[in-house]
2 protein chains.
Amino acid sequence: MVARNKTEQIRQHIIETTDDLLYHKGFNLMSFSDIAAAADVPRGNIYYYFKTKDEVLTAVIEYRIEQMRAMLETWNEEIKTPLERLKRYTNIPVIELEDVTRYGCPMGSLNTELGKSQRTLQAVSRKQYDTFLTWLKKQFKELVPDGNTKHLAMHLLMLTQGLAVLAQSYQDKSLVRREINYIETWLDSLV
Amino acid sequence: MVARNKTEQIRQHIIETTDDLLYHKGFNLMSFSDIAAAADVPRGNIYYYFKTKDEVLTAVIEYRIEQMRAMLETWNEEIKTPLERLKRYTNIPVIELEDVTRYGCPMGSLNTELGKSQRTLQAVSRKQYDTFLTWLKKQFKELVPDGNTKHLAMHLLMLTQGLAVLAQSYQDKSLVRREINYIETWLDSLV
DNA sequence: TTGATTTTAAGATGGTCATCTTATATTATT
DNA sequence: AATAATATAAGATGACCATCTTAAAATCAA
């Protein structure tokens, strides 16, 4: 029990440190040595927890999705109106301003990288988008019951993705704030 | 003269084949062996034309920018109104639909990749954006003389970047067409 | 406590990478 | 034709990579 538990703990610890590493370096420049060093686990021992690099990625994505779901669950409980919930989503880049202007969007940059020649892994990464999209559709359904909620959700996601790409390219924080304001104005215009 | 010329020709040939390779594989997964194979030049000989991989990248970006400038110049001549010129720009993803849904935006995907931990190279790549932005600003200046042309240009670029990211992630051509229509409607609303 | 199982972690393996050296071949100049 | 400069291309170099093997150590169940 204790050992099983400890193993799980270390595995979880590797996942959490790799999450940051993946965001900061990208998948292809992130080596097993990097993972081992970041998690402070001997290089040869990582393979006891994960057989391949792909398996590490999958575990990190699963972890991210868990986190996202928990966050969205909290928003559902704590934020009363769909408009306010959509605005809460929209404001992620403002809240994560340092990271977004430095490393871009963790979902978008990974999808872009993997989409070139690692499509199987991209499909894994894409589940992050799916998780948000499902939630966004629900909010839009509440906000504008007879709008095309799928298109609206995609559109909002697209706006935040474009924002992140340019924000990172130009290290431009004011661009983030300005574009987020436009998005909020657009959301207001829907009701 | 002939030799100098032939050398220039081979160098140019390497640049052009590497342009596609870079788009399809990304910078870090593109090796010198790939470059040599694609250009059909012996691996060891590539170094006669380019000392480092960074130098190849720089040459490819310069070539791309030349191409872009020539294209924009043609548009300036052949398309009468700034609105139509802006729409011509907007329609690039529709014209390049196959490539955009498969590999994303050549500028955006490269910037995103290099921005993580190769900032010096990202600065080189970013010049592609700059070239478009300068031109876009001019068009907006003509279209809405007292608008904030810098913000408008950035905004339009941002829309196309978000579009490319999602189009590639979901391999979704209808998304491209739909979003391009929105952008055109927005452009119309400015006059 | 003993024997089985789990966990650790060093070290190999075989591959690919960017880059360099160098000897040979080609071409240009005289 | 002789010489000098340019261009070719094989082969090394050393670093790093993902992954595997394996023997020792730690922990478990009996």
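Proteins get letters first, then strands, A, B, ... in listed order; numbering begins at 1 in each. Values below: every heavy atom of this structure, side chains too, minus hydrogens, waters and symmetry copies.
Each of A:Phe32 and B:Asn45 has a nearest nucleotide on DNA chain D; the 5'-most of these lies closest to B:Asn45.
In terms of phosphate contacts, B:Ser31 brings no side-chain nitrogen or oxygen within less than 4.0 Å of OP1 or OP2 of C:dT16. Taking 4.0 angstrom as the limit, A:Tyr49 places a side-chain polar atom (N or O) nearer than this to OP1 or OP2 of C:dT8.
When the nucleotides D:dC17, C:dA10, C:dA12 are ranked by their closest atom to the side chain of A:Ser33, D:dC17 comes out on top. Comparing D:dT19, D:dT8, C:dA18 by their nearest atom to the side chain of B:Ile10 picks out D:dT8. Set against D:dT8, D:dT19, C:dA18, the side chain of B:Lys53 has C:dA18 as its closest nucleotide. Residue B:Pro42 places its side chain closer to D:dA9 than to any other of D:dA9, C:dT8, D:dT19.
Residues in residues 12-27 of chain A take part in these salt bridge (charged side-chain N to carboxylate O under 4.0 Å, His left out) pairs, two or more places apart or across chains: A:Asp19-A:Arg64, A:Lys25-A:Asp34. Counting only residues at least two apart or in different chains, salt bridge (charged side-chain N to carboxylate O under 4.0 Å, His left out) contacts with residues 175-191 of chain A comprise A:Lys87-A:Asp188.
Side-chain atoms of B:Tyr170 and A:Asp130 form a donor-acceptor pair, as typed in the model, at a separation below 3.5 Å.
Among the heavy atoms of the strands, none lies under 4.0 Å from A:Phe50.
Electrostatic pairing of B:Lys116 and A:Glu113 does not count as a salt bridge here, judged by no charged N lying under 4.0 Å from a carboxylate O.
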